[in-house]
Amino acid sequence: GAGVSQSPSNKVTEKGKDVELRCDPISGHTALYWYRQSLGQGLEFLIYFQGNSAPDKSGLPSDRFSAERTGGSVSTLTIQRTQQEDSAVYLCASTQTALFRSEQYFGPGTRLTVT
Amino acid sequence: DAKTTQPTSMDCAEGRAANLPCNHSTISGNEYVYWYRQIHSQGPQYIIHGLKNNETNEMASLIITEDRKSSTLILPHATLRDTAVYYCIVRSTDSWGKFQFGAGTQVVVTP
């Protein structure tokens with residue numbers, strides 16, 4: 001596709017349920033990033049992938065959060081036993097490389113609401 | 001990465017130039033200045049970046065002071081579609097790419 005895509009665009013789930021969020025980066029982009037944005041707040045970094053490996057997972061808020069990337073392309077962010085404080089927009093971005101010169105291209109985000 | 005300071009909000013008249021300031025007084029020599037914007041309900045969009053020289057592209061111009069402690073993003077002819085939150089970010093050349101987004105400046109373009 002022409003840009004980064006994310007699915008679903010909206011997800012409403014009950015507290016305690018698990019959710020999976022998907023990100024399809026731009027074809028050929030090796031680096032992939034997950035951020036989240038709570039209402040009225042700036043972006044909070046979660047995790048970064050270079051290829052299929054994640055050199056830095058320090059932004060994941062708890063062990064309920066995990067992410068994987070397969071085939072150097074699609075990534076899935078999984079939140080187990082969701083809590084109300086997990087409600088946010090989850091944004092994915094990709095870059096051609098992880099080098100500082102590469103600007104990040106963001107997807108439209110997944111709006112997660114935990115009831 | 002260095003911190004940035006931006007005004008919380010600013011208004012701009014449609015058709016006029018919008019000048020968005022950013023202070024980054026602790027910037028170091030290997031840090032670039034990036035600007036992104038986020039239109040409501042969309043993901044952030046790259047605008048421009050620079051190191052020490054002024055830069056211009058089809059969207060905007062970036063003016064960086066000689067001491068690199070501050071910069072200004074210029075939207076030459078603001079339109080209503082430029083209403084967005086604008087983020088100024090500094091990022092090290094040693095960084096593997098993570099962006100540290102602050103609160104940004106809410107720009108409202110009015111008719």
Side-chain angles (χ1 to χ4, degrees), chain A residues 1-7 9-10 21 23-26 29-51 53-60 88-111 113, chain B residues 1-9 22 24 27-53 55 57-60 62 73 84-108:
Chain A
V4 178
S5 61
Q6 293 185 246
S7 60
S9 55
N10 282 284
L21 312 179
C23 171
D24 282 272
I26 293 173
H29 280 195
T30 62
L32 185 148
Y33 306 78
W34 283 98
Y35 296 83
R36 77 174 175 180
Q37 187 172 32
S38 301
L39 186 63
Q41 303 297 312
L43 274 72
E44 174 189 5
F45 166 78
L46 297 177
I47 189 171
Y48 145 73
F49 286 92
Q50 178 61 40
S53 63
D56 189 338
K57 305 178 183 179
S58 62
L60 296 177
V89 176
Y90 289 80
L91 290 155
C92 174
S94 70
T95 68
Q96 190 169 20
T97 73
L99 292 176
F100 67 91
R101 295 184 191 86
S102 296
E103 55 265 26
Q104 296 187 354
Y105 295 89
F106 283 82
T110 293
R111 182 175 298 278
T113 303
Chain B
D1 292 341
K3 300 291 186 184
T4 63
T5 304
Q6 299 177 252
T8 303
S9 64
C22 179
H24 30 80
I27 194 170
S28 58
N30 66 346
E31 289 182 316
Y32 276 65
V33 179
Y34 280 76
W35 283 84
Y36 277 73
R37 73 179 183 183
Q38 188 173 23
I39 296 169
H40 183 62
S41 298
Q42 298 182 21
Q45 176 190 24
Y46 167 80
I47 301 173
I48 198 167
H49 74 282
L51 182 62
K52 55 183 178 181
N53 297 322
E55 302 288 343
N57 63 20
E58 64 278 5
M59 290 183 68
L62 175 60
L73 179 75
V85 177
Y86 286 76
Y87 297 98
C88 170
I89 303 158
V90 293
R91 187 158 69 109
S92 169
T93 57
D94 298 329
S95 169
W96 40 255
K98 176 179 67 175
F99 282 95
Q100 299 279 14
F101 284 79
T105 297
Q106 172 67 63
V107 173
V108 177

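Just so we're on the same page: letters track the sequence lines, and every chain starts at 1.
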- Message: Quick check on A:Leu43 against chain B: is it the side chain, the backbone, both or neither that has a heavy atom closer than 4.5 Å?
- Response: both
- Residues pairing under salt bridge (Lys or Arg N to Asp or Glu O under 4.0 Å) where one sits in residues 32-53 of chain B, two or more places apart or in two chains, turn out to be B:Arg37-B:Asp82
- Minimum heavy-atom separation for A:Leu91 to B:Pro44, with atom names? CD1-CD, 4.0 Å
- Item | Heavy-atom closest contact (B:Tyr87 atom, A:Gln37 atom, distance) | OH-NE2, 3.4 Å
- What pairs with B:Trp35 under side-chain hydrogen bond (donor to acceptor under 3.5 Å, both in side chains), at least two apart in sequence or on another chain? none
- Message: Below 4.5 Å, heavy-atom pairs only: which of B:Gln38, B:Gln45, B:Gln42 has the largest tally toward chain A?
- Response: B:Gln38
